[in-house]
Amino acid sequence: MNPEKVRVRIGGRELTLSNLDKVMYREYGFTKGEVIDYYTRVSPVLLPHLAERPVTRVRYPDGVEAEKFFEKNAPPHTPDWVRTVRLPTPRSTRGGETDFILVDNLATLVWCANLAALELHVPQWRVGRHGSVHKPDLMVFDLDPGAPATIVDACRVAGMLRELLEADGLESYPKTSGKKGLHLYVPVEETDRTSAYAKRAAQRLEREHGDLVTSQMAKQLRPGKIFVDWSQNNPAKTTVAPYSLRAGDAPTVSTPVTWAEVEACDRPETLRFLAGEVLERVKEHGDLLEPILTSEQKLP
């Protein structure tokens with residue numbers, strides 16, 4: 001571990017970066033310096049997906065094989081230039097309110113990466129300029145394979161779900177979870193009906209394709225099937241952000257993909273992307289999820 005500290009200036013903010021040679025992903029020798037470099041380079045397409053959404057960070061101070069912790073609150077040493085918003089936390093064991101961080105610029109993103117916040121998770125709703133909580137503007141389906149099912153099976157289910165949504169006039173946009181599954185996003189006009197709609201859609205898939213799909217969270221029902229997790233539309237829950245790193249054996253990324261790639265997937269490794277590969281994809285495709293930033297589809 002290199003204890004040397006480096007002072008940098010980003011967007012008019014001065015940051016002190018430390019332990020840049022500390023290895024975060026041992027099998028790949030991927031260091032904290034490389035984590036910061038990745039987030040810096042992917043920031044043009046990542047930051048719009050974090051904008052106005054309180055960010056829950058999953059921190060790994062000593063790498064992915066060591067202890068982790070989830071951090072919703074702004075820590076005591078948060079710089080005064082980092083934007084925060086105070087929100088109620090009814091699911092907290094103590095209730096009350098928490099000061100959440102809003103990652104709305106590169107300096108804040110780099111500050112998070114320097115704290116070994118490898119994963120960034122956000123809700124499906126935004127906050128207003130003065131901290132008001134808006135209704136969800138995204139609906140998400142998490143297609144989670146239960147072994148021996150894989151992401152190949154999740155891609156089959158994604159196609160079924162896409163057809164169901166299209167019948168209701170809704171376009172959907174896929175990304176990998178960065179681990180073993182697939183996420184489907186549906187941008188919508190702000191509404192409090194996303195959770196109910198997503199539950200009905202998942203249940204319908206289960207009725208029509210019960211050999212491959214379950215809409216129920218019970219683990220004993222999931223082996224060999226794809227769990228269509230609709231519950232992440234609960235306003236209290238979050239989903240890993242597009243372009244976020246994932247903490248596994250490798251620096252994989254939750255990666256936007258095309259429907260052609262989903263349809264052609266015949267091996268799990270086909271939709272497994274490392275940080276460097278994602279940067280190359282962005283050069284080639286731009287942000288494949290850009291439509292979810294502006295589209296406002298009406299739920300039927």
Side-chain angles (χ1 to χ4, degrees), residues 1-25 28-64 66 68-85 99-122 126-127 178 238 240-248 250-256 273-283 286-287 289 293:
M1 182 177 69
N2 185 354
E4 182 179 356
K5 295 182 178 181
V6 177
R7 298 183 74 83
V8 298
R9 195 166 185 84
I10 300 174
R13 307 298 186 184
E14 192 170 88
L15 291 83
T16 300
L17 309 181
S18 61
N19 301 322
L20 297 181
D21 290 337
K22 179 183 280 190
V23 175
M24 296 284 104
Y25 297 82
Y28 282 74
F30 200 80
T31 65
K32 190 167 80 167
E34 290 174 292
V35 169
I36 293 172
D37 178 69
Y38 166 73
Y39 274 126
T40 299
R41 293 169 65 190
V42 85
S43 63
V45 291
L46 167 61
L47 285 172
H49 293 286
L50 302 179
E52 309 301 330
R53 302 186 192 273
V55 177
T56 297
R57 290 89 60 212
V58 190
R59 292 175 56 183
Y60 291 80
D62 295 305
V64 296
K68 70 178 180 182
F69 63 95
F70 287 78
E71 188 172 59
K72 291 181 178 292
N73 60 296
H77 52 77
T78 301
D80 58 9
W81 47 262
V82 170
R83 186 181 167 202
T84 62
V85 59
D99 289 322
F100 286 81
I101 285 174
L102 295 174
V103 181
D104 54 6
N105 56 63
L106 178 57
T108 302
L109 180 61
V110 170
W111 175 76
C112 289
N114 187 58
L115 294 177
L118 300 184
E119 295 189 1
L120 307 173
H121 295 245
V122 291
R126 299 176 184 267
V127 294
T238 60
V240 68
Y243 304 105
S244 172
L245 287 165
R246 300 309 305 267
T252 56
V253 172
S254 184
T255 308
F273 303 104
L274 302 180
E277 295 171 315
V278 170
L279 293 173
E280 290 301 315
R281 287 176 61 85
V282 170
K283 287 182 183 178
D287 179 15
L289 286 183
L293 298 172

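Atom set for the values below is all heavy atoms of this structure, side chains included, hydrogens, waters and symmetry mates excluded. Every value quoted in this text rests on a predicted model; they were computed, and no experiment measured them.
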Please find the pair of heavy atoms, one from Ala117 and one from Tyr39, that lie closest to each other, and give the distance.
O-CE1, 4.1 Å
Listed by chain and number, what are the ring-ring contact (aromatic ring centres under 6.0 Å, His included) partners of Tyr243, not counting sequence neighbours?
none
What is the distance from atom OG of Ser43 to atom CG of Leu109, rounded to the nearest 0.5 Å?
6.5 Å
Expected output: side-chain Glu119 to main-chain Val240 donor-acceptor under 3.5 Å:
no
Does Ser244 use its side chain to pair, donor to acceptor, with the backbone of Leu120 at less than 3.5 Å?
yes
Tightest non-hydrogen contact, residues His49 and Leu293, listed as ND1-CD2, 3.5 Å
Quick one: side chain to side chain donor-acceptor pair (under 3.5 Å) partners of Thr108, sequence neighbours excluded?
Asn105
Are side-chain heavy atoms of Pro54 and Ile101 found at a separation under 4.5 Å?
no
Identify every side-chain donor-acceptor pair in residues 72-79 under 3.5 Å, counting partners at least two apart or on other chains, and give the distances.
from: Lys72; atom 1: NZ; to: Thr56; atom 2: OG1; distance (Å): 3.3
from: Thr78; atom 1: OG1; to: Pro75; atom 2: O; distance (Å): 2.6

Donor-acceptor contact below 3.5 Å, side chain Asn114 vs main chain Ser18
yes
Taking every heavy atom of Leu46 against every heavy atom of Pro242, the minimum-distance pair comes out as CD1-O, 3.1 Å
Residues which pass side chain to side chain donor-acceptor pair (under 3.5 Å) with Glu277, listed by chain and number, not counting sequence neighbours
none
Between Pro44 and Pro48, the two heavy atoms sitting closest are O-CD, 3.3 Å
So, using side chain to side chain donor-acceptor pair (under 3.5 Å) as the criterion, who are the partners of Arg41 when residues are at least two apart?
Asp37
How would you list, by chain and number, every residue that makes a ring-ring contact (aromatic ring centres under 6.0 Å, His included) with Phe100, sequence neighbours excluded?
none
Quick one: are Glu4 and Leu20 in side-chain contact, heavy atoms under 4.5 Å?
no
Qualifying residues under side-chain contact (heavy atoms from CB on, under 4.5 Å), relative to Val8, sequence neighbours excluded
Val6, Ile10, Leu15, Leu17
Got a sec, which residues hit side chain to side chain donor-acceptor pair (under 3.5 Å) with Arg9, two or more places apart in sequence or on another chain?
none
Please check this pair: side chain of Arg59 against backbone of Arg57, looking for a donor-acceptor N/O pair closer than 3.5 Å.
no
Do Cys112 and Val103 have side chains that get closer than 4.5 Å, going by heavy atoms?
yes
Quick one: OH on Tyr25 to CD on Glu34, what's the gap to the nearest 0.5 Å?
11.0 Å
Trace of the side chain to side chain contact (heavy atoms under 4.5 Å, CB included) decision for Lys22 with Asp62
CA-CA 8 Å; Lys22 179 183 280 190; Asp62 295 305; 3.3 Å; yes
Here the pair of heavy atoms bringing Ala113 nearest to Ile36 is CB-CG1, 3.8 Å
From Met24 CE over to Leu118 CG, what is the distance, rounded to the nearest 0.5 angstrom?
6.5 Å
Just how far is it from atom CG of Leu50 to atom CZ of Arg126, taken to the nearest 0.5 Å?
10.0 Å
Determine whether a donor-acceptor pair (N or O, by modelled atom type, separation under 3.5 Å) exists between the side chain of Lys32 and the backbone of Pro61.
no
Which pair of non-hydrogen atoms, one from Tyr60 and one from Lys68, has the smallest distance, and what is that distance?
OH-CD, 3.1 Å
Under the salt bridge (charged side-chain N to carboxylate O under 4.0 Å, His left out) definition, can you give me all pairs with a residue in residues 103-116, not counting sequence neighbours?
Arg83-Asp104
Which residues pass the side-chain contact (heavy atoms from CB on, under 4.5 Å) test with Thr252, sequence neighbours left out?
Arg246, Ala250, Arg272, Leu274
Across all chains, not counting sequence neighbours, the side-chain contact (heavy atoms from CB on, under 4.5 Å) partners of Ala275 are Phe30, Tyr38, Leu245, Val253
Residues at least two apart in sequence or cross-chain that pass salt bridge (Lys or Arg N to Asp or Glu O under 4.0 Å) with Asp287, listed by chain then number, are none
